[in-house]
Peer 1: 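Before we start, here is the structure in question, set down as structure tokens.
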2 protein chains.
Amino acid sequence: MEDEQLSLTLRALGHPVRLEILRILMARADSCCCNDITDCLSLAQSTVSQHLKVLLDAGIIEREARGTRNNYCVCIDRLAAFGTAVTAYLDKLGRVPAACNPTLASTF
Amino acid sequence: MEDEQLSLTLRALGHPVRLEILRILMARADSCCCNDITDCLSLAQSTVSQHLKVLLDAGIIEREARGTRNNYCVCIDRLAAFGTAVTAYLDKLGRVPAACNPTLASTF
DNA sequence: TTCTTCTATCGTAAAATAACGATGGAAGAT
DNA sequence: ATCTTCCATCGTTATTTTACGATAGAAGAA
């Protein structure tokens, strides 16, 4: 994952409300509409919708029109890829100085 | 790690320049001052200093005054804790629906 | 002392973010 | 056809972020 994409995802996750939204989405067996999420949070519906858009734009969640409501669900593979990318980034970060300064290598 | 702290760190890392700064810091065996970093990036010194402040405020890097210059280094343990926190967050996310919807469990 | 170097900080400007209320249009329900 | 529900979007406001140049003060060099 390129830095541009990785940092976009990091930013999209960089808000406590959005971390919570993902929890709410994942905790439900059935898929979830904006109102369901708004009921769990003390925020206006428009604010929640905006947060959903950030997650949507980052490709972390998907929207599916179902009747009068829009259902959201987490893109599991995208989240997994994010986890992998973070680990890879940190791993590479750690590996570079390992060649120069062996004492750092053991920290990771 | 609490959501507040985790999201702060995610935001601090959510900029390509800051991802790169950490790479620069880690790639050097000797520690690194603001000018060294500025030389590697096509940005003004004040801008780099600001990015360093963001990383500093998030506790990701440390500053050490050494003579006329300030040396920066990465807080390895903080970074490692961040990696752990991200993994834990994603892991817990994945575990919740595993109880409700077994098909999701295998994705993680 | 004087000069240079380094860099955090200030001031500024532009853009993005976060929150809200209001609204309009789409889709079921009556 | 009318009513209700859902919700993305618009407009607004306040705050934060990102970038820059300018500057001042600290520390070493001449």
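In the text below, chain A, chain B and the rest are named by the order of the sequence lines, each starting its count at 1.
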Peer 1: What is the distance from CZ of A:R66 to P of D:dC7, rounded to the nearest Å?
Peer 2: 13 Å
Peer 1: Find the distance A:L52:CG to C:dA19:P and express it as a whole number of Å.
Peer 2: 13 Å
Peer 1: Heavy atoms under 4.0 Å, any strand shown: does B:R18 hit a base, just sugar-phosphate, or nothing?
Peer 2: sugar-phosphate
Peer 1: Taking the nucleotide of DNA chain C with the nearest heavy atom to each, does A:G67 or A:Q50 sit closer to the 5' end?
Peer 2: A:Q50
Peer 1: If you check the A:Q45 side chain, which of D:dA8, C:dA26, D:dC20 turns out closest?
Peer 2: D:dA8
Peer 1: Applying the side chain to side chain contact (heavy atoms under 4.5 Å, CB included) test to A:V74, which of A:I24, A:L22, A:L55, A:I21 qualifies?
Peer 2: A:L22
Peer 1: Tell me whether A:L13 shares a hydrophobic cluster with A:L90, the cluster being built from Ile, Leu, Val, Met, Phe, Trp, Tyr side chains joined at under 4.5 Å.
Peer 2: yes
Peer 1: Could you state the CG-P distance from A:L41 to C:dA19, rounded to the nearest angstrom?
Peer 2: 10 Å
Peer 1: Counting only side-chain N and O atoms of B:H51, is one of them less than 4.0 Å from OP1 or OP2 of D:dT17?
Peer 2: no
Peer 1: Taking the side chain of B:H15 as heavy atoms from C-beta outward, which of D:dT18, C:dA26, C:dA22 is closest to it?
Peer 2: D:dT18
Peer 1: Expressed as a whole number of angstroms, how long is the span from B:K53:NZ to C:dT7:C1'?
Peer 2: 13 Å
Peer 1: Which pair of non-hydrogen atoms, one from A:Y72 and one from A:S31, has the smallest distance, and what is that distance?
Peer 2: O-CB, 4.0 Å
Peer 1: Would you say D:dA26 has OP1 or OP2 under 4.0 Å from some side-chain N or O of B:T68?
Peer 2: no
Peer 1: Using a 4.0 Å heavy-atom cut-off across all strands, classify B:L43 as base, sugar-phosphate, or nothing.
Peer 2: sugar-phosphate
Peer 1: Hey, which sits more toward the 5' end of DNA chain D by its nearest nucleotide, A:N70 or A:R11?
Peer 2: A:N70
Peer 1: Looking across every strand, which nucleic acid part, if any, lies under 4.0 Å from A:R63 by heavy atom: base, sugar-phosphate, or nothing?
Peer 2: sugar-phosphate
Peer 1: Check A:T38, A:N35, A:V17 against A:V48 for a side chain to side chain contact (heavy atoms under 4.5 Å, CB included) and give me the one that passes.
Peer 2: A:T38
Peer 1: Round to the nearest Å and state the distance from A:I37 atom CD1 to D:dC7 atom C1'.
Peer 2: 12 Å
Peer 1: Within the structure, does a side-chain N or O atom of A:Y72 lie under 4.0 Å from either OP1 or OP2 of D:dC6?
Peer 2: no
Peer 1: To the nearest Å, give me how far apart CG (B:N71) and P (D:dA26) are.
Peer 2: 19 Å
Peer 1: Ignoring the backbone of B:S46, work out which of D:dC7, C:dA22, D:dA22 is nearest its side chain.
Peer 2: D:dA22
Peer 1: A:V54 or B:C33: which one's nearest nucleotide on DNA chain C is closer to the 5' end?
Peer 2: B:C33
Peer 1: What residue among A:D36, A:D30, A:I37 forms side chain to side chain contact (heavy atoms under 4.5 Å, CB included) with A:C33?
Peer 2: A:D36
Peer 1: Within the structure, does a side-chain N or O atom of B:T47 lie under 4.0 Å from either OP1 or OP2 of D:dT18?
Peer 2: no
